[in-house]
Student: 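The structure follows.
When a ligand or atom number is given, it counts from 1 through the structure's own listing order.
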Amino acid sequence: MTNIVREFHRHYYDAACSGNYGQGLHSQTLYHGIETHKCPLDLWIFQEILTEVQPGLVIELGTYLGGSTLFVAHQLQLHGRGMIVSIDNRELPRPSHNQIRYLTGLTTAPNIVEAVSESIATIGDQPVLVIHDADHRYDQVLADLETYSPFVTPGSYLIVEDTHVNGHPVLNGWGPGPFEAVQEFCKLNPEFQPDRSREKFFITYNPCGYLRRSLSEPASA
Ligand SMILES: C[S@@+](CC[C@H](N)C(=O)[O-])C[C@H]1O[C@@H](n2cnc3c(N)ncnc32)[C@H](O)[C@@H]1O
């Protein structure tokens with residue numbers, strides 16, 4: 001990453017987070033009027049991946065106000081098929097759409113995982129894609145990835161958001177988070193590897209976070 005890209009990334013993120021959930025660019029990044037905590041360049045990558053994969057089900061961990069959920073639902077609507085199940089531990093006002101199902105609870109709570117499994121059972125052999133944007137602490141990310149990765153179908157994606165924290169290149173000193181969890185997860189699950197071609201717009205909140213599941217499982221060591 002060149003210095004100019006790194007500096008712009010930091011500048012953008014500082015502006016996005018100033019005032020935290022109050023006044024920064026994140027609170028002014030609106031999808032159909034709904035606050036969406038994403039870099040728009042990543043949303044374009046989402047659109048490209050969703051078009052390629054044509055998932056029957058997207059599982060989103062971390063809904064917040066539902067901006068990213070509605071974005072995905074609109075892509076699925078254009079494809080003419082697919083649902084998004086979005087999980088958050090908080091009840092907040094969110095947009096309705098007939099291709100969105102909201103679940104309230106912790107990502108790893110057994111009743112939530114069971115509800116997701118029930119949704120998967122209804123879609124036959126259609127592709128499943130997972131987006132992680134919930135608790136960004138190392139242990140929780142790793143637990144979420146281990147819980148939800150088995151749902152990802154070969155050739156589809158497990159997108160791990162905000163791998164840029166802890167100095168990659170923002171929030172130096174944040175502590176081990178999504179980036180470090182991804183490194184460990186990919187060591188343990190070599191069928192998932194970062195698809196770095198998804199970082200083509202130079203700035204992404206998800207460096208090494210677009211994990212593609214290979215079509216054939218690597219032989220175990
Ligand atoms: C970064 S926000 C999600 C942003 C949203 N995806 C967007 O792009 O606008 C993270 C959300 O995850 C929720 N969350 C954090 N830890 C969680 C957990 N263990 N289980 C479920 N939800 C969690 C938080 O309450 C918060 O609403």
Student: Salt bridge between Arg212 and Glu52, side-chain N to carboxylate O under 4.0 Å?
Tutor: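 No, Arg212 and Glu52 are not salt-bridged.
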Student: Run the contact test for Gly105 against ligand 1 with a 4.0 Å cut-off on heavy atoms, strictly below, and give the result.
Tutor: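 Heavy atoms of Gly105 do come under 4.0 Å of ligand 1.
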Student: Are Arg137 and Asp139 ion-paired here, with the side-chain N under 4.0 Å from a carboxylate O?
Tutor: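 Salt bridge flag = no for Asp139 with Arg137.
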Student: Would you say Gln140 has any N or O atom under 3.5 Å from an N or O of ligand 1, going by distance alone?
Tutor: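 N/O-N/O distance under 3.5 Å: no.
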Student: Under 4.0 Å from ligand 1, counting heavy atoms only, is it the side chain of Glu60, its backbone, both or neither?
Tutor: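 The answer is the side chain.
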Student: With a 4.0 Å cut-off on N to O distance, would you call Lys38 and Asp133 a salt bridge?
Tutor: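 Salt bridge present between Lys38 and Asp133.
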Student: For Asp88, which residues count as a salt bridge (Lys or Arg N to Asp or Glu O under 4.0 Å) partner, sequence neighbours excluded?
Tutor: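 With sequence neighbours excluded, Asp88 shows a salt bridge (Lys or Arg N to Asp or Glu O under 4.0 Å) to Arg94, given in chain and number order.
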Student: Among Thr107, Asp135, Thr29, whose heavy atom sits nearest atom 16 (N) of ligand 1?
Tutor: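 Among Thr107, Asp135, Thr29, the closest heavy atom to atom 16 (N) of ligand 1 comes from Asp135.
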Student: Please check if the distance between the ring centroids of His164 and Phe179 is under 6.0 Å.
Tutor: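 Distance test on ring centres: not under 6.0 Å, no.
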Student: Using heavy-atom distances, let me know which of Leu61, Val72, Asp133 sits nearest atom 1 (C) of ligand 1.
Tutor: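 Answer by nearest heavy atom: Asp133.
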Student: Are more than 12 heavy atoms from other residues, nucleotides or ligands located less than 6.0 Å from atom CZ of Phe202?
Tutor: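 It does not: Phe202 CZ has 12 such atoms or fewer within range.
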Student: Between Leu92 and ligand 1, does any nitrogen or oxygen pair lie at a separation below 3.5 Å?
Tutor: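 No, there is no polar N/O contact under 3.5 Å.
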Student: Could you pull out all residues at least two apart from Glu60 that satisfy salt bridge (Lys or Arg N to Asp or Glu O under 4.0 Å)?
Tutor: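 Glu60 satisfies salt bridge (Lys or Arg N to Asp or Glu O under 4.0 Å) with no other residue.
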Student: Which of the numbered atoms in ligand 1 are under 4.0 angstrom from any heavy atom belonging to Lys38?
Tutor: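 Here the atoms of ligand 1 in question are 6 (N), 7 (C), 8 (O).
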Student: Quick one: which ligand 1 atoms are inside 4.0 Å of a heavy atom on Thr36?
Tutor: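 Going through ligand 1 atom by atom, the ones under 4.0 Å from Thr36 are 9 (O).
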Student: Go through ligand 1 atom by atom and flag the ones less than 4.0 Å from a non-hydrogen atom of Asp88.
Tutor: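 So the answer, numbered in order with elements, is 11 (C), 12 (O), 13 (C), 21 (C), 22 (N), 24 (C), 25 (O), 26 (C), 27 (O).
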Student: Just to be sure I read this right, does ligand 1 sit under 4.0 Å from the backbone of Thr63, its side chain, both, or neither, counting only heavy atoms?
Tutor: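 Near ligand 1, Thr63 shows its backbone, while the atoms from C-beta on stay back.
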